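Input: a single structure, listed below in structure tokens.
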Amino acid sequence: MKNILKYGFLGLGIVAMTSCIDTMDTHPTTVFDAETVWGSKATVEGFVYATYSSVINAGYAGSGTSVGWEARTPNAVRCSQVGEGIDGTATELGISNGNDWGCNRFSLLRRANLIIHNVEASSTLSDAEKNELSAHGYLMRGMIFFDQARKMGRFVPVQEVFDVENPDRVNIPMTSSVAESYDIIINDLTKAADYLPTSNMPGLPTRYAAGVLLSRAALQAYAYTNDSKYLDTAIKYATDVIQNSGVSLATNLAPNKSLWNETDLYNPEILWAYYREKENTNVQSFEELMRTYPNISTDNVKNSQSPVALKQANGQTFEGWAIYFPTQDLADQFLVTDEATGEALPWYETSQYTSNVNILDPTTITEAGQVDQYSQVNGDLRRIPTPQDFNQTKDGYPVFQRYHQLKEGSARDLSDLMYQGRDKRFYTTMVYDKCTWMNENIELNLGGNMSMGVRDKEDGGWYNTTTGYYWRKSNIENPEPRAYYNSKVALHFNITRLGEAYMNLAEAQLLKKNIPAAVEALNATRVAHGGLKPSNATTEEQAWADYIRERNCEMTNETGDIYFSYLRWGKYGGYANHGRAAGEVIADLDRPTYKIQISRDRTQLIVSQVTLLNSANRNFTTRRYLLPINQGFLNTREAYGMHDAQNEGW
């Protein structure tokens, strides 16, 4: 039987009991005495394993880590009309220096530092054991610091174990600059990538998992410091993972065989994942589940007059509280293979689409119901567009981006023409019109069984879609018996994969102006995972466009990657940010997102701004390159004589 570290069911007897003073943890005791805990490799490993769960949950695979950060990018929205509202970070109206982005991680740091200090001081462990076990401590400490730095830039660099006999030693200033922060982070992660074992049980990191994290952190370090040594680090360690890990990219991606749900959770490409036991994990444990499953009853479907009933084989199939939804912007990232030429193109440019569809002027849409409308059984109107589509739009961007009509006599409807022949990752990422999900036939056109208007709200948002799509990636395909809050599930979230190593290598090579090497790296995932024809980009502009598209397709809704990638791209400027200067406003975080609406007969569609609850009012100001350090945290430290500066603009 495969040995697997499942964080939801550790059953370990080593528990660190901590208390703290106002600025730093200093009073640890343990269930077992120090000699027992640190006296053998087995007991040290027990302490290490128990600590990983907390570190992972603090920014890497905790509830909301994927969907929450993704909703701050063009790829997704958070939107609920029944209480939860929209995301205040995307609009910047919900950010202040009262927010806490994780500045106090002292109890976690203490545990990482205990591992490093006690292992390195051990008189019973061999040198090889010391290198391996301390590497776990360095990885965890580097991960804690990296999560703080990518959000706030600076942190309190606690790198030793304190005790109550020396209280003055806890008066450590925050790092003086982002550059100092990343020097510390890269040093810790490098030790992990150099000394962790080359293989480990699923659920525990190897040096290759650490290498991916190191290359990720090195790119972020370069973006914020412009120090080219970090590009060399990213290239070195991403290349090491690709060439020496002994694993290859998965090629069998499909909704029923996916790296991101329960159907292929031990694929060798997954270098490190967070595994949860079914016995003590249920749907409500993670927003990636509870907040992506809709809530649709048989009565809703009947009232909507959908021609496709939900089977409801085990009770109400979908009884979640969905507030996170992927957008048309994300759907547009996934290219389609042209049936005539084999080229990979946007869906609206393929020969099969343009030969069957009339492209109409979206500015001619001027009134609600102009494209399609009908009355539900209870008399409620359902329209395309809705009245809300004309309200709370963002100036400077088209209200209606596309308006298409099927040509008379076409053998295929718009949904078939849009969604067939896509990048294979589209089908593992998004739930779309006329697909199947949890053994249900899904209809997302006007009046459809899972559509925006299927419940009482015409524009959705009553725990059902506001964009015309649902998330499949990082979701469970078949929770038993159904998508219900207390259904038990075994799940995993990927922390590092081989696919990201190729992405990080491509980005570093682009920054080195090595276009052929960058295109070769991005084509690895594009071909193996996407099933697409390789990119033939030859210019820097073309390569950046193909790379940004590729990273969105590869890494969407996974560890919050895309949000922090957009921060990097804004720092680079140029082709990475629509021609803007380095460090200017990030164009794609400062614009509205878009949704799709398809007519009942699937002969017409429109793509328009997501406007519910002022959702279109997305804003990015340059101060958001670094989020605020919690002011209460700074004030407390100041009371102890430590004067740390707040980030600029907060």
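As a basis for the values below, the full set of heavy atoms in this structure was taken, side chains included, without hydrogen atoms, waters or symmetry mates. Remember, predicted model here, so these are calculated numbers, not experimental data.
Listed by chain and residue number, K229, Y230 satisfy the side-chain contact (heavy atoms from CB on, under 4.5 Å) test with D183 (two or more places apart in sequence, or in another chain). Qualifying salt bridge (Lys or Arg N to Asp or Glu O under 4.0 Å) partners for R549, counting only residues two or more places apart in sequence or in other chains: none. Taking Y563 as the reference, W69 meet the ring pair (Phe, Tyr, Trp, His ring centres under 6.0 Å) condition, with sequence neighbours excluded.
Side-chain atoms of K473 never come within 3.5 Å of backbone atoms of M430 as a donor-acceptor pair (strictly under, hydrogens ignored). Distance alone, capped at 3.5 Å, places no donor-acceptor pair between the R580 side chain and the A576 backbone. No donor-acceptor distance shorter than 3.5 angstrom exists from the side chain of Y49 to the backbone of V44, with no hydrogens or angles considered. Checking side-chain atoms of R141 against main-chain N and O of A112 turns up no donor-acceptor pair under 3.5 Å. Side-chain atoms of S54 never come within 3.5 Å of backbone atoms of A50 as a donor-acceptor pair (strictly under, hydrogens ignored). The main-chain N or O of Y502 is never found under 3.5 Å from a side-chain atom of E554 such that the two would form a donor-acceptor pair. Of the possible polar contacts, one joining the E269 side chain to the G499 backbone as a donor-acceptor pair under 3.5 Å is found. Checked by atom type and distance alone, the side chain of T175 pairs as donor or acceptor with a backbone atom of F155 at under 3.5 Å. Using a distance-only test at 3.5 Å, with no hydrogens or angles considered, no donor-acceptor pair links the side chain of T622 to the main chain of V585.
When every heavy atom of T428 is checked against every heavy atom of S258, the shortest pair comes out as CB-OG, 4.0 Å. Across V336 and Q420, no two heavy atoms sit closer than the pair CG1-O, 3.5 Å. Nearest heavy atoms, Q220 versus L567: NE2-CB, 4.2 Å. Across all their heavy atoms, T525 and R425 have their closest contact at O-NH1, 3.8 Å. Taking all atoms of both residues into account, the shortest heavy-atom contact from N478 to E262 is N-OE2, 2.8 Å. Here the closest non-hydrogen pair linking V212 and A501 is CG2-CB, 4.1 Å.
A ring-centre distance under 6.0 Å is not found for Y469 and F325.
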Practice task
Please report the C-alpha distance between E507 and Y572 in whole Å, then the side-chain angles of each, then the deciding distance to 0.1 Å, and finally whether the side-chain hydrogen bond (donor to acceptor under 3.5 Å, both in side chains) criterion is met.
Solution key: CA-CA 11 Å; E507 187 168 321; Y572 305 152; 2.7 Å; yes
Practice task
Show your reasoning for whether side-chain hydrogen bond (donor to acceptor under 3.5 Å, both in side chains) applies to S474 and E558.
Solution key: CA-CA 7 Å; S474 293; E558 194 169 351; over 6 Å; no
Practice task
Before giving the answer on side-chain hydrogen bond (donor to acceptor under 3.5 Å, both in side chains), spell out for T621 and E92 the whole-Å C-alpha distance, their side-chain angles and the decisive distance to 0.1 Å.
Solution key: CA-CA 8 Å; T621 56; E92 291 199 359; 2.6 Å; yes
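Listed by first then second residue, pairs satisfying salt bridge (Lys or Arg N to Asp or Glu O under 4.0 Å) with a partner in residues 189-207 number zero, not counting sequence neighbours. Annotation: side chain to side chain donor-acceptor pair (under 3.5 Å) contacts involving residues 208-219, sequence neighbours excluded, comprise S215-N504, R216-E500. The salt bridge (Lys or Arg N to Asp or Glu O under 4.0 Å) analysis of residues 59-73, with sequence neighbours excluded, yields the pairs R72-D87.
Looking at Y293 and P479, their side chains come closer than 4.5 Å, going by heavy atoms from C-beta outward. Taking 4.5 Å as the limit, some side-chain heavy atom of R472 sits within range of a side-chain heavy atom of C435. Annotation: side chain of Y224 is in contact with side chain of L626 (closest heavy-atom distance under 4.5 Å). I115 places a side-chain heavy atom less than 4.5 Å from the side chain of V48.
In this pair, Y60 and F146 present their aromatic rings tilted. The plane angle is within the 30 to 60° band. Note on ring orientation: taking the six-membered ring where Trp is involved, the planes of Y52 and W272 are perpendicular (angle over 60°, cut-offs 30° and 60°). Ring geometry for Y275 against H492 counts as parallel: the plane angle stays under 30°, on a 0 to 90° scale with 60° as the upper cut.
The cationic group of K151 does not satisfy the cation-pi geometry with W101, failing either the under 6.0 Å distance to the six-membered ring centre or the 45° limit from the ring axis.
Partner Y427 forms a ring pair (Phe, Tyr, Trp, His ring centres under 6.0 Å) with one of Y432, Y419, W260, W437 and no other, that one being Y432. Just one residue in the list N557, T429, T292 forms a side-chain hydrogen bond (donor to acceptor under 3.5 Å, both in side chains) with N475, and that residue is T292.
Around the CZ atom of F620, the shell of radius 6.0 Å holds more than 12 heavy atoms that belong to other residues, nucleotides or ligands. Within a 6.0 Å radius of NZ in K236, no more than 12 heavy atoms belonging to other residues, nucleotides or ligands are found.
With respect to R568 and D561, no salt bridge is recorded, no charged nitrogen being found less than 4.0 Å from a carboxylate O.
Between the side chains of Y195 and E132, no donor-acceptor pair of N or O atoms lies under 3.5 Å. For the 3.5 Å distance criterion, the side chains of Y566 and N577 fail to qualify, holding no donor opposite an acceptor. Checked by atom type, the side-chain pair T190/N187 shows no donor-acceptor distance below 3.5 Å.
Note that the CD1 atom of I144 and the CZ atom of R111 stand 9.5 Å from one another [nearest 0.5 Å].
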